[in-house]
Amino acid sequence: MGNHEAASRDRGNICKPLKSLRLVLPIIRHHHEHADGSGYPDGIKAAEIPLLPRILQVVDVYDALRTERPYKPSLAHDQTAQTMREEAQQGLWDAELVNEFFGMLLARREAA
């Protein structure tokens with residue numbers, strides 16, 4: 001993970017001079033922060049983490065859990081929801097956003 005932390009900081013620095021990316025710099029920098037402050041690169045927590053990185057975290061984690069990878073099988077939707085809700089309660093993700101995300105998916109499924 002240390003290499004990923006360094007790469008995350010470097011990507012932010014590499015992109016900083018690009019004016020067209022100025023609005024996404026906070027997303028690049030903070031997408032590995034955790035609501036409990038245990039993330040990186042700055043160890044900020046909860047509402048200190050800008051909203052867009054918190055939203056990206058929820059979507060990214062959902063995708064990561066639902067997608068088969070060479071090192072892990074994919075999880076079913078219900079298992080993913082349970083895992084993410086548990087992790088939100090443990091302080092990794094914004095619990096309100098996790099609940100909103102799964103509420104949105106449920107509403108979409110019911111409308112289909």
Side-chain angles (χ1 to χ4, degrees):
M1 180 156 2
N3 288 340
H4 195 83
E5 288 179 47
S8 181
R9 282 190 293 273
D10 290 345
R11 276 191 294 273
N13 291 332
I14 289 168
C15 297
K16 203 170 194 173
L18 303 173
K19 291 179 184 177
S20 63
L21 293 179
R22 74 182 182 288
L23 297 176
V24 298
L25 290 176
I27 298 170
I28 294 168
R29 180 164 185 88
H30 298 299
H31 74 282
H32 285 291
E33 300 288 359
H34 292 159
D36 64 2
S38 67
Y40 60 89
D42 300 319
I44 56 177
K45 59 176 123 176
E48 295 172 346
I49 305 167
L51 180 59
L52 289 177
R54 286 185 280 144
I55 292 170
L56 179 68
Q57 288 171 342
V58 172
V59 175
D60 186 45
V61 170
Y62 181 82
D63 178 67
L65 293 173
R66 294 281 291 138
T67 303
E68 182 178 346
R69 304 284 168 94
Y71 53 87
K72 69 157 201 71
S74 64
L75 295 181
H77 171 81
D78 291 341
Q79 173 103 32
T80 299
Q82 179 181 346
T83 298
M84 289 181 67
R85 286 187 171 116
E86 289 170 0
E87 290 178 346
Q89 292 303 314
Q90 294 167 7
L92 293 182
W93 323 121
D94 182 317
E96 184 178 348
L97 287 176
V98 169
N99 287 330
E100 287 292 326
F101 178 73
F102 284 105
M104 178 193 71
L105 291 180
L106 179 63
R108 187 171 181 195
R109 187 184 302 169
E110 290 173 350

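Positions are given from 1 along the sequence.
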Task: Set of residues satisfying salt bridge (Lys or Arg N to Asp or Glu O under 4.0 Å) with respect to Asp36, sequence neighbours excluded - done: none

Open item on the list: Donor-acceptor check, side chain of Lys72 to backbone of Ala64, threshold 3.5 angstrom: yes or no?
Closed with: yes

Task: Which residues share a side-chain hydrogen bond (donor to acceptor under 3.5 Å, both in side chains) with Gln89, sequence neighbours left out - done: none

Task: Heavy-atom closest pair, residues Thr67 and Ser74 - done: C-CB, 3.8 Å

- [ ] If a pair satisfies salt bridge (charged side-chain N to carboxylate O under 4.0 Å, His left out) and one of its residues is in residues 47-70, list it, with sequence neighbours excluded.
- [x] Arg54-Asp94, Asp63-Arg69

TODO: Any pair with a residue in residues 101-112 that passes side chain to side chain donor-acceptor pair (under 3.5 Å), sequence neighbours left out, goes on the list, sorted by first then second residue, please.
DONE: His77-Arg109

Task: Heavy-atom side-chain proximity of Leu92 to Val61 below 4.5 angstrom - done: no

TODO: Indicate the ring-plane relationship of Tyr62 and Phe101, choosing parallel, tilted or perpendicular according to the 30° and 60° boundaries.
DONE: perpendicular

For residues 18-27, tabulate all N or O donor-acceptor pairs below 3.5 Å that involve a side-chain atom, not counting sequence neighbours.
| from | atom 1 | to | atom 2 | distance (Å) |
| --- | --- | --- | --- | --- |
| Arg22 | NH1 | Lys19 | O | 3.0 |

Open item on the list: Can a donor-acceptor pair be found, under 3.5 Å and without considering hydrogens, that links the side chain of Glu33 to the backbone of Asp42?
Closed with: yes

TODO: To the nearest 0.5 Å, tell me how far Leu56 CG sits from His32 NE2.
DONE: 9.0 Å

Open item on the list: Could you measure the distance from the CD1 atom of Ile55 to the CD1 atom of Ile49? Nearest 0.5 Å is fine.
Closed with: 12.5 Å

Task: Where Pro41 and Arg29 come nearest, the two heavy atoms and their spacing - done: CD-O, 2.9 Å

Open item on the list: Evaluate Met84 against Phe102 for side-chain contact (heavy atoms from CB on, under 4.5 Å), listing each step before the verdict.
Closed with: CA-CA 10 Å; Met84 289 181 67; Phe102 284 105; 3.7 Å; yes

Task: Residue pairs involving residues 96-105 (criterion salt bridge (charged side-chain N to carboxylate O under 4.0 Å, His left out); sequence neighbours excluded) - done: none

Task: Leu97 reachable from Ile44 in the ILVMFWY side-chain graph, under 4.5 Å edges - done: no

Open item on the list: My understanding is that a hydrophobic cluster links ILVMFWY residues whose side chain heavy atoms are under 4.5 Å apart, including indirect links. Using that, what else belongs to the cluster containing Leu106?
Closed with: none

Task: Pair Trp93-Gln57, side-chain donor/acceptor within less than 3.5 Å - done: no

- [ ] Please check if any side-chain donor atom of Glu86 sits under 3.5 Å from a side-chain acceptor atom of Gln82, or the reverse.
- [x] yes

Open item on the list: Run the side chain to side chain contact (heavy atoms under 4.5 Å, CB included) test against Asn99 and tell me which residues pass, sequence neighbours left out.
Closed with: Arg85

